[in-house]
Amino acid sequence: MRCAEYCEVVANQPVATDQFEIEIHCPTVARYAQPGQFVQMRVQSGYEPLFSRPFSVFHRKPDRDTFSVVYLVRGTFTQLLAHKQAGDRVFVVGPLGNRFVVAEPQHEKVHVLVAGGVGAPPLYLLAEEMVHHGIAHSNVVVINGARRQDLLVCQGHFAGLGVRLFTATEDGSAGIKGKVTDVLESLREQGDLAPERCQIYACGPTAMLEAVAAFAQQHHVPCQVSLETLMPCGLGVCLGCAVKIRTGDGYDYKRACVDGPIFDAAEVLWR
Amino acid sequence: MRCAEYCEVVANQPVATDQFEIEIHCPTVARYAQPGQFVQMRVQSGYEPLFSRPFSVFHRKPDRDTFSVVYLVRGTFTQLLAHKQAGDRVFVVGPLGNRFVVAEPQHEKVHVLVAGGVGAPPLYLLAEEMVHHGIAHSNVVVINGARRQDLLVCQGHFAGLGVRLFTATEDGSAGIKGKVTDVLESLREQGDLAPERCQIYACGPTAMLEAVAAFAQQHHVPCQVSLETLMPCGLGVCLGCAVKIRTGDGYDYKRACVDGPIFDAAEVLWR
Amino acid sequence: MSRVKMDVQLGPLHLQNPVLVASGTFGYGSEYADLVDLNRLGGIMVKGTTLRPRAGNPMPRMVETASGCLNAIGLQNVGVEAFIREKLPFLRQYRCAVIVNIAADVREEFEELAERLDGVEGVHALELNISCPNQARGGIEFGVDPEATYDVVSRVRRRTRLPLIVKLSPNVTDIRVTARAAVDGGADILSLVNTFVGTAIDARTRQFKLANITGGLSGPAIKPLALYMVWKVAQAVSVPIIGMGGIMNATDAVEFMLAGASAVAVGTANYINPRVSIEVLEGIEQYLIEQGETDVKAIVGTVKRCKPESEF
Amino acid sequence: MSRVKMDVQLGPLHLQNPVLVASGTFGYGSEYADLVDLNRLGGIMVKGTTLRPRAGNPMPRMVETASGCLNAIGLQNVGVEAFIREKLPFLRQYRCAVIVNIAADVREEFEELAERLDGVEGVHALELNISCPNQARGGIEFGVDPEATYDVVSRVRRRTRLPLIVKLSPNVTDIRVTARAAVDGGADILSLVNTFVGTAIDARTRQFKLANITGGLSGPAIKPLALYMVWKVAQAVSVPIIGMGGIMNATDAVEFMLAGASAVAVGTANYINPRVSIEVLEGIEQYLIEQGETDVKAIVGTVKRCKPESEF
Ligand SMILES: Cc1cc2nc3c(=O)[nH]c(=O)nc-3n(C[C@H](O)[C@H](O)[C@H](O)COP(=O)(O)OP(=O)(O)OC[C@H]3O[C@@H](n4cnc5c(N)ncnc54)[C@H](O)[C@@H]3O)c2cc1C
Ligand SMILES: Cc1cc2nc3c(=O)[nH]c(=O)nc-3n(C[C@H](O)[C@H](O)[C@H](O)COP(=O)(O)OP(=O)(O)OC[C@H]3O[C@@H](n4cnc5c(N)ncnc54)[C@H](O)[C@@H]3O)c2cc1C
Ligand SMILES: Cc1cc2nc3c(=O)[nH]c(=O)nc-3n(C[C@H](O)[C@H](O)[C@H](O)COP(=O)(O)O)c2cc1C
Ligand SMILES: Cc1cc2nc3c(=O)[nH]c(=O)nc-3n(C[C@H](O)[C@H](O)[C@H](O)COP(=O)(O)O)c2cc1C
Ligand code: FES
Ligand code: FES
């Protein structure tokens, strides 16, 4: 089930430096969104910017018929979004795209969720689902990274789930000083990432995803990544979101919006 | 003296149905604007709409370094303007254009100010100046017209000046039921509009101006009108605001923004 | 039921209403089927289809510009056989017209495509996309050269009994010339415009924004130019016109019809609001009622000169 | 003092910096003199000037479109004699270059204009506007026909020793062809683009919005198209280029220079912000400093292909 409709903003609050959480009343997304799926949003009434923008679903509150998204203010659209208030309307299309697939047998795996900056929200939805499905808290490992402490998102949410939470900031202002891959490396050294028992799920900036994918490949750990591209339509028709996916010894262009955004890291041709 | 600069909004309040008064901090306009002059304003950061918009100066408060404008919400720009709050910034170019010229000898004339809808504000500035110059209150006649009572602007301001105020609404919800030209006609019948003693100043919708001009011509009363056109630049360079002005037995295109917006009604070629 | 007659006859092609969706902006219909009632559309112009599947251009392929977007997708598509096998059966379920946009680098491929699609159940018309770069002519479009246009159109004409729409390129000095060449070659209908060639540069990195360097401009930015071309062509030829270029709402669509288009296609707007085509359809009906018209055909080409000085 | 070298040499024309204001968008300079320090501009391209004064077209003459505007002013101007007598003396006070944009319906008038302005003190260059309708050719622009372009440019060339800029029309299939014709005819510099022909319709009244029916599109909407044309022409000719079309800020201006323009002209943006030309100038300096460049000339034509897939 998907919808394409005007929805009311319920709340729009800052959660970190230049980052906001917006809660939107939308029964369809609230009910059907899966971890890793996204919505296309539009707040502009004219053509500045022309296209809608994709945002991963963070929280679903089916009892309130709302969902929420955490966004970083980057440019024209997100600036407009930051000005929306409760009662204003947003055009929402979604839920869209595929979802993170929880590796089976799910209760026997160590699930390693690697988040960078505003890549954290969809991984929170995934972690929540895992806990809800009764996966042991100790088997859900979250590595949350950002450049600085004030750019970390969802920390409280992850902590609230009681999962194993590691934090990395590039300047050391929270958690270890370093990158998410440094945490991965130390977990591996401690024997926590045995390939046959482990699955990585990653969402964040492309450079981070590429580093995580390289790590996963080197150590033969299966890894799913959520790719970010421009998404003019989000519905699979414009072909403006193409990503190179390995097929045999060649590659195909897949659409990040409908074939993804989640892909097997081993199949992504990064450049 | 003119300026082209970002100015701070001091207040922005509704004054009638779909009409607002915005007060803007701008020492140059506050000091130098003359009755009938206008400013070009821009609140959009992008290209929707592309051009600035012209608005007549209503109030000048040189002691506060502010001026104000009364505007009717019509389309894209005025909708954006209505959302501005104290502290927001507006790009202002002005004061621009020519001014109403007070007929000489000013203390012996009957000055008849004919306003339609949001045409009233610049005539208020003119009436205020007349009173300030010591012209007898009884010699300043204001005819303020609108379609309905709730669209009348500046009524309180005119009344506050103590000038002779006549009101006309098309539905009779305030003052006489009829048009400003009906008031002119009855004044004339009462002998108040002796051509050699009288000067009309008119600002309002083009159809009204044309009717007032026709009345003035028929009865040989001198009349100044403030013309409204699209004004892409306001500075006399784009030639997009041309109006046909009689010259001998032909006509010339004059620029409403710098040669006007005030013209002698007898010289305007209406179609 | 709507109170106005909305069906239109474009030469041999009957449409239940004049609102189409433009090629490359609505996929193969299935992508939108849960959001849009395809039965209500006048027709679907499917993604540009070539003889063999194509991978398309490297990324980035699209970039936003002021009120527009540049695209250089490079005709990524499944090829005509997979289209017939995998995409067409779905579309056959609906009563809207299915128009196959065909593209090729060499003339013979256009002929093969036309022949292959002729008589295939569920295909209602062909739209010849002669506005894509033509390898045999060094990357220049067929559609900018009247002789090449005439030649390729008449070749295709001989291979198909389907209604033949020729999609004109706007990248020409005088679009009436290629319009007439297409009609002389046997076009039943003209569609215009395709995208305008443009580019975008990133000042910071000092690089082109598109991997392909250039792309085609679509969206509201081009509407004034497209409207002008439709008006020009409507006066130069007698075949019906499908107008497009920056249509975002019903008012835009009406403008194209007033300029001389018998039908319209909504393009880039589909990305922004998947339901826009239905909103355009309903908006045109509303407009006709407001204008006291009972048949959409009555407004085609009726734009008048404005009374000079009427603004002031 | 700026820390980067900003002066540019365009063939025979030296400019203290590469930021000009486009013809028809800055009047005769005097209109802006109290708001803009004219001494800081690279040059002023004055309003299109004809042999005799012109009244211009009826109103409405301009209309806003999505990120653009259509104009059909109709070359309202005071004529060359009044220009020399009444407008030029003011401009002579300033150290920016004064470039006279000349327009005419017939070739002989172009020749007369060139001859009249040759050697007049304070005129630094001529800009030949061959993008306006040519009565002798039935309202078609000179600038869309390479032969007419060559002919009129070479006629003017023979009548003037002033640096000769030819302003190209974008309403052509391949702008390199007219560019080469202009250079062959003797152009020292090319300027591009002029406006794109378009129209606008009022659905409610069913009338064209412009009294003249058609107008020329300018503003941000056309930037991708103008940028493409500048890039194309820069590769086809060796004379310097003045780039324009939708420049609203320094970043836009830099894009034109990266594409191959040695100087830029700011047009429609002057209406919106009278000071924009100075902001563009300062912004270019800032950009050069950020990029570690010490001379504006170093960036001209340096745009590179982007690393494919670099976006993702
Ligand atoms: C599937 C998917 C899910 C997403 N989920 C989220 C989310 O949950 N929260 C969130 O904040 N963002 C998310 N994004 C990214 C979001 O779509 C962009 O931040 C947004 O489009 C920016 O729009 P804008 O108009 O504000 O910025 P623009 O004006 O488009 O861009 C401003 C500047 O930011 C840069 N920029 C834009 N997008 C990105 C990007 N993706 N990465 C790096 N730089 C960029 C541009 O190059 C430009 O310099 C997601 C993207 C995808 C594809
Ligand atoms: C010298 C001068 C002084 C002015 N002073 C004032 C003033 O003091 N207060 C004020 O409210 N307005 C004034 N105006 C008019 C004002 O500029 C317009 O209302 C404004 O441009 C509308 O902009 P918009 O984007 O909101 O509407 P747009 O989107 O431009 O127009 C919306 C709708 O309103 C119609 N419309 C636009 N302008 C006018 C108009 N002038 N008359 C009738 N219909 C119109 C349009 O045709 C359109 O249908 C003045 C105009 C001039 C030339
Ligand atoms: C991403 C994209 C892909 C397109 N693909 C095709 C195509 O395959 N064949 C074709 O004839 N036109 C194609 N077009 C052009 C559109 O059909 C249409 O002619 C053009 O976009 C102008 O209309 P618009 O401004 O409403 O989008 C494409 C346009 C876009 C934006
Ligand atoms: C109202 C207006 C008047 C113009 N008049 C002239 C002119 O007289 N001569 C000329 O060569 N170009 C004229 N132009 C074109 C501009 O000089 C410029 O080439 C064009 O507008 C593109 O630049 P822009 O998008 O920055 O405005 C005019 C443009 C506008 C908008
Ligand atoms: S965003 Fe359009 S196909 Fe993916
Ligand atoms: S508004 Fe530009 S000349 Fe008057």
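Per chain, numbering begins at 1; letters A, B, ... match sequence-line order.
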Open item on the list: Is there a side-chain contact between D:S262 and D:V8 in this structure, where contact means two heavy atoms from C-beta onward sitting under 4.5 Å apart?
Closed with: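 Side-chain contact under 4.5 Å: no.
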
Open item on the list: Can you confirm whether C:Q235 sits close enough to C:R176 that some side-chain heavy atom of one is under 4.5 Å from a side-chain heavy atom of the other?
Closed with: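 The answer is no; the side chains never approach within 4.5 Å.
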
Taking every non-hydrogen pair under 4.5 Å, which of [options] racks up the most with chain C?
options	value
D:V63, D:L225, D:D202, D:L70	D:L225
D:M257, D:M229, D:Q291	D:Q291
D:V172, D:T65, D:V303	D:V303
D:L217, D:I299, D:V197	D:V197
D:P170, D:P224, D:A221	D:P224

Task: Residues which pass side chain to side chain donor-acceptor pair (under 3.5 Å) with C:T25, listed by chain and number, not counting sequence neighbours - done: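 Testing C:T25 for side chain to side chain donor-acceptor pair (under 3.5 Å), a comparison that skips the adjacent residues, returns C:N270.
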
- [ ] Taking side chain to side chain donor-acceptor pair (under 3.5 Å) as the test, write out the residues that go with D:S67, two or more places apart.
- [x]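 For D:S67, the residues satisfying side chain to side chain donor-acceptor pair (under 3.5 Å) (neighbours in sequence not counted) are C:S67.
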
In terms of heavy-atom proximity below 4.5 Å to chain C, should [X] be classed as side chain, backbone, both, or neither?
X	value
D:A259	both
D:T302	both
D:L210	backbone

Task: Residues in ring-ring contact (aromatic ring centres under 6.0 Å, His included) contact with D:F208, at least two apart in sequence or another chain - done: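 In terms of ring-ring contact (aromatic ring centres under 6.0 Å, His included), with neighbours along the sequence ignored, D:F208 is linked to C:W231.
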
Task: Engaged part of C:L227 at the chain D interface, taking heavy atoms whose separation is under 4.5 Å - done: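 For C:L227, backbone and side chain are both near chain D.
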
- [ ] Could you please spell out the steps behind the side chain to side chain donor-acceptor pair (under 3.5 Å) verdict for C:T178 and C:T149?
- [x] CA-CA 7 Å; C:T178 39; C:T149 299; 5.7 Å; no

Open item on the list: Determine whether a donor-acceptor pair (N or O, by modelled atom type, separation under 3.5 Å) exists between the side chain of C:Q76 and the backbone of C:N57.
Closed with: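 Pair absent, no side-chain N/O of C:Q76 close to backbone of C:N57.
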
TODO: Measure from the side-chain N and O atoms of D:T268 to the backbone N and O of D:G68, and report whether any donor-acceptor pair falls under 3.5 Å.
DONE: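 No; zero donor-acceptor contacts below 3.5 Å.
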
Open item on the list: Can you list the residues of residues 249-256 of chain C that sit under 4.5 Å from chain D, counting heavy atoms only?
Closed with: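 Listed by number, the contacting residues are C:T251, C:V254, C:E255.
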
TODO: Give a yes or no on whether D:Y150 atom OH has more than 12 heavy-atom contacts from other residues, nucleotides or ligands under 6.0 Å away.
DONE: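 Counting other residues, nucleotides and ligands, OH of D:Y150 stays at 12 neighbours or fewer.
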
Open item on the list: Would you say D:T199 and D:T214 are linked by a side-chain donor-acceptor pair, where the criterion is simply a distance under 3.5 Å?
Closed with: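 No, because no side-chain N or O of D:T214 sits under 3.5 Å from a partner of the opposite role on D:T199.
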
